[in-house]
Amino acid sequence: MKILLRCGVIAMVWVCPIVVFGQGPDSPHVSKLDEIIITASRTAQKRTEAPIAISTVSARTIAETKANQLDQLLNKVSGVFMVDLGNEQHEMSIRQPMSTASVFLYLEDGIPIRTTGVYNHNALLEMNATAARQIEVIRGPASSLYGAEAIGGAVNVITVAPPAAPAGYVSVQRNNNGYTRADVQAGATFGKWGVIGSAYYANRTDGPIQYSDFHKTAATVRVDGRLSERLQWTTSLTYVNYYSDMYGSLDSAHFAQHNYQTPYSFTYRKVDALRVRSTLDYRWNDGAATEVTMAYRNNSVGQNPSYYISNSRTNPLLANGQINDNSFHSFLGLVQHRQDFRFLRSRLIAGVSADVSPSTYWAKYIAIQRDPKGNYGSYTASDSLLSNYATGITNIAGYADYEVNPFRGFRLVAALRYDYFHYSFRNYLPPSASTGSADTRNDFNRVTPKVGATYNYKGIGFYANYSQGYVPPQVTDLYNGVKVPYLRPQTFFNYEAGGWLALLRNKLYVDWSVYRMDGTNQIISVRQNDGSFVDANAGKTRHTGVEYGVTVRPSEEWTLRVSGTNADHWFIVQYENGQDYSGRQMAAAPHFIANAELTWRPAFLKGFRVGAECQRVGRYWMDDANTVRYGGFGIVNFRTGYAYRGWEVWVNALNAFNKYYAALASRSTYGYSYNLGDPAEVTVGLAWHFLK
């Protein structure tokens, strides 16, 4: 089904055979309004207390979906579409077009997994999904608490804590597209100490798309200690090692021919990511607690990127490209205090943080051989450095969130954050248009507010908020040129309202939100009087939409969920290569996205489940000039599983009807580009839950 919501009215028309969900409480007797969330205020609270659009992917949904990549979970959330670019690589769309822009924040237990200034749109491949207990998604700006990049949305992966008694599982799965995966998790509590380890290894070889092999190892160890009745210590370590062939996209001819061959045979992306976090939580009394967190991040992304390959203008058998590496390591400290007051049953949450993150980047020239058919066969690396620089990034911040409850069911919230950024750029090559600017330093300051209110009465509630989001210039924005322009942070102003409705003893749950977000000071290329182009804060955009979700549980056996969004994304002011796109719709911005699921858990066969899911992405412009549209796509997934006495078997059939489609389609001055979606994929898995 396709669900359209205009001005709060829901109309249903047929567009997909059937639906998807599992999102929500682990028991049909538990109201979604009683869900405990963490991300909205950096401390535990009920969903009804947060004046923000926030959704939770529950432990039950994670366990039953058996996702082999995070988009299969996040796309269940209203207003979210995570674009699958293959082998866990991705783009994101949350109140923004499908984009690589630095307007999304990814967190692990409330700590950003990357530092500001070196955003990577593939950052979620650095997560360990096996360690996830639940995932919380904020839609809209959250910069008042989390700082830069929390604009379109924030995704917080909350890791599983050690179990009270020894427990764990091992699982293996394999599909027809060359994908194999093994997961293991084990944990226990011994007196005052608990420990749990979660890991998986995934590998793909000889997939349906040529040159698409990859492998990934992800491991997390978490230790929780109760040092006293009031003091708790939590420490976790996550390590991810990732490698993938970068098979790139297809041109229009290959896409029309259903040709899964790629012209690339040596391009790759590899990632090494290490994160360590340690938190002391001291509870002074029932109304006061202090957390002190120290964290370390060490991250390296190496590439031989297909998108940097360019053909020789004089010899059709030659091309050139580059191999590069972008690395950083971070030292992060965060102190947060929560204090409850009797006055209007209010609460203050305040904190300060410091993040020091030295980063480096280098790129080397490579010469590439081509065959007469245009395929890139081999390359020769040289000692010629295209770029070689280091940037010291320092971020010091303070924030406060104050909540009051003037009367029962009503809550007012105001938050404010101050950020100071310092960039120190050191170029190890002579400055030029290709090597970057001369050595320089830049400072940025930003105050970010949020105000909101919620009201809940017997399962019917409303909220409204005003919030701001911002992102300072990325290192590449500032220094990839001879001249260093004075660039300010890009700023977004968000106005939204929404609500929820729980009726019939939680058999029906509806949530909705409407928003308008205006982007200003966006960095675009502006033509100068001499004909050159310089980046400047001259772009403006507007994003409006409505997000909605409906969950129906007519009985304990059946669950039906439909989630969707209708949105518009416009350029108010936009120039590109001298072309004026002001007043046009943004490319890669579907007006309609929906995901739905119907799940049956028969009472006569305990442990059995079967579900059908539909993902629909509507049509969108492939270019900012609005000349060509892509028609979008709809795919259907089926999932079934059976658990008995500690054993579990499952079968997932994704894209069950073998729909041929592009996960992302675009058009540029270089032609058409199509990122292929996976063909029909049947996965069979087996798990053993021990000591459960």
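For R629, the CZ atom sits in a packed shell: over 12 heavy atoms of surrounding residues, nucleotides or ligands are nearer than 6.0 Å.
Between E64 and R639, none of the side-chain N atoms (NZ, or NE/NH1/NH2) sits under 4.0 Å from a carboxylate O, so this pair counts as no salt bridge. Taking a cutoff of 4.0 Å between a charged side-chain nitrogen and a carboxylate oxygen, E149 and R114 do not qualify as a salt bridge. A salt bridge is defined here as a Lys NZ or Arg NE, NH1 or NH2 lying under 4.0 Å from an Asp or Glu carboxylate O, and K270 with D272 fails to meet this definition.
No side-chain N or O of T267 forms a donor-acceptor pair with one of S306 less than 3.5 Å apart. Between the side chains of N324 and Q322, a donor-acceptor pair is found at a separation under 3.5 Å. For the residue pair S198/N128, the side-chain donor-acceptor check at 3.5 Å is not satisfied. In this structure, a donor-acceptor pair under 3.5 Å is absent between the side chains of R370 and N375. Side chain to side chain, T180 and N203 fail the donor-acceptor criterion of an N or O pair below 3.5 Å. For the residue pair E136 and N156, no side-chain donor N or O sits within less than 3.5 Å of a side-chain acceptor on the partner. D251 and Y670 form no side-chain donor-acceptor contact under 3.5 Å, judged by distance and modelled atom types alone. Side chains of Q574 and D624: no donor on one and acceptor on the other come within 3.5 Å. For the residue pair Q303 / Y307, a side-chain donor-acceptor distance below 3.5 Å is found, with atom types taken as modelled.
Heavy-atom minimum distance, Q134 versus I62: CA-CD1, 3.8 Å. Of all the heavy atoms in A663 and V83, the pair that sits closest is O-CG1, 3.6 Å. Heavy atoms only, all atoms of each residue included: Y179 and A202 are closest at OH-CB, 3.5 Å. Nearest heavy-atom pair, G152 versus R95, reported as atom, atom and distance to 0.1 Å: O-CB, 4.0 Å. Listed here is the closest heavy atom pair of D183 and Y200: OD2-CB, 3.3 Å.
A centroid separation of less than 6.0 Å is found between the aromatic rings of Y242 and F214. Close placement of the F255 and Y660 rings is indicated, their centers lying within 6.0 Å of each other.
With contacts defined as side-chain heavy-atom distances shorter than 4.5 Å, the pair N655/Y661 qualifies. In this structure, the side chains of E108 and R275 come closer than 4.5 Å at one or more pairs of heavy atoms. In this structure the side chain of Q96 never reaches within 4.5 angstrom of the side chain of T541, judged on heavy atoms. You'll find the side chain of V160 stays beyond 4.5 Å of the side chain of R222, heavy atoms only. Using a 4.5 Å cut-off on side-chain heavy atoms (C-beta onward), S93 and V80 make no contact. Contact of the M82 side chain with the Q72 side chain is not registered, since no non-hydrogen atoms from C-beta on lie closer than 4.5 Å. V628 has its side chain out of reach of W621: every pair of non-hydrogen atoms, C-beta onward, lies at least 4.5 Å apart. Annotation: side chain of Y479 is not in contact with side chain of Y389 (no heavy-atom distance under 4.5 Å).
Under the 30°/60° scheme for interplanar angles, the aromatic rings of F492 and H543 are found to be tilted. Between F657 and F638, the angle of the ring planes goes over 60°, which puts this pair in the perpendicular group of the 30/60° scheme. Ring planes of F266 and Y379: tilted class, angle from 30 to 60°. Aromatic ring pairs are classed by plane angle as parallel below 30°, tilted from 30° to 60° and perpendicular above 60°; the pair Y264 and Y376 is parallel.
Not a single donor-acceptor pair under 3.5 Å links the side chain of N326 to the backbone N or O of Y361. One N or O on the side chain of D109 and one on the backbone of T159 form a donor-acceptor pair closer than 3.5 Å. Side chain of N176 to main chain of V682: a donor-acceptor pair is present (N/O by atom type, distance under 3.5 Å, no hydrogens or angles). N566 places no side-chain N or O within 3.5 Å of a backbone atom of E547 that could act as its donor or acceptor partner. Distance alone, capped at 3.5 Å, places no donor-acceptor pair between the Q490 side chain and the G519 backbone. Looking only at distances, no side-chain donor or acceptor of Y423 sits under 3.5 Å from a matching main-chain atom of I393. In this structure a side-chain-to-backbone donor-acceptor pair under 3.5 Å is present from T65 to T61. Without hydrogens or angle criteria, N595 side chain to G564 main chain gives no donor-acceptor distance under 3.5 Å. A side-chain donor-acceptor contact under 3.5 Å links Q615 to the backbone of A594. The backbone N or O of H121 lies less than 3.5 Å from no partner atom in the side chain of T100, so there is not a single donor-acceptor pair.
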Discussion item. Run L124 and M92 through side chain to side chain contact (heavy atoms under 4.5 Å, CB included) and show every step you take.
Written reply: CA-CA 10 Å; L124 283 176; M92 185 62 76; 3.9 Å; yes
Worksheet item: Passes side-chain hydrogen bond (donor to acceptor under 3.5 Å, both in side chains), S300 versus D325? Steps please.
Response: CA-CA 7 Å; S300 173; D325 181 273; 2.8 Å; yes
Item to complete: For V155 and L107, run side chain to side chain contact (heavy atoms under 4.5 Å, CB included): C-alpha distance rounded to whole Å, both residues' side-chain angles, the deciding distance at 0.1 Å, then the answer.
Response: CA-CA 6 Å; V155 178; L107 309 130; over 6 Å; no
Discussion item. For S212 and Y247: C-alpha separation, side-chain torsions, deciding distance, then whether side chain to side chain contact (heavy atoms under 4.5 Å, CB included) applies.
Written reply: CA-CA 6 Å; S212 60; Y247 52 84; 3.4 Å; yes
Practice prompt. Take T130 and R181, measure what side chain to side chain contact (heavy atoms under 4.5 Å, CB included) needs, and give me the verdict at the end.
Written response: CA-CA 11 Å; T130 303; R181 173 167 165 165; 3.5 Å; yes
Worksheet item: When you look at N298 and Y296, which way does the side-chain hydrogen bond (donor to acceptor under 3.5 Å, both in side chains) test go after all the steps?
Response: CA-CA 7 Å; N298 195 319; Y296 174 72; 2.9 Å; yes
Discussion item. I'd like to know whether Q585 forms a side-chain hydrogen bond (donor to acceptor under 3.5 Å, both in side chains) with N626, so could you lay out the CA-CA distance, the side-chain angles of the two residues, the decisive distance to 0.1 Å, and finally the verdict.
Written reply: CA-CA 7 Å; Q585 296 183 42; N626 295 176; 5.3 Å; no
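The line from NZ of K216 to CE of M127 is 9.5 Å long, rounded to the nearest 0.5 Å. We find the OG1-CG distance between T683 and L654 to be 6.0 Å, quoted to the nearest 0.5 Å. Here Q474 contributes atom CD and N480 contributes atom CG; the two are 11.5 Å apart, rounded to the nearest 0.5 Å. Here the CG-CG distance, from N68 to L73, works out to 10.0 Å after rounding to the nearest 0.5 Å. Here CG of N675 is found 7.0 Å from OG of S666. Values are rounded to the nearest 0.5 Å. Annotation: the span from Q89 atom CD to D71 atom CG amounts to 12.0 Å, rounded to 0.5 Å.
At least one test fails for R297 against the ring of F328: distance under 6.0 Å to the centre or angle within 45° of the axis. Because its NZ or CZ atom is both nearer than 6.0 Å to the ring centre of Y672 and within 45° of the ring axis, R667 counts as a cation-pi partner of that residue.
Contacts of S310 classified as side-chain hydrogen bond (donor to acceptor under 3.5 Å, both in side chains), with partners at least two apart in sequence or in another chain: N320.
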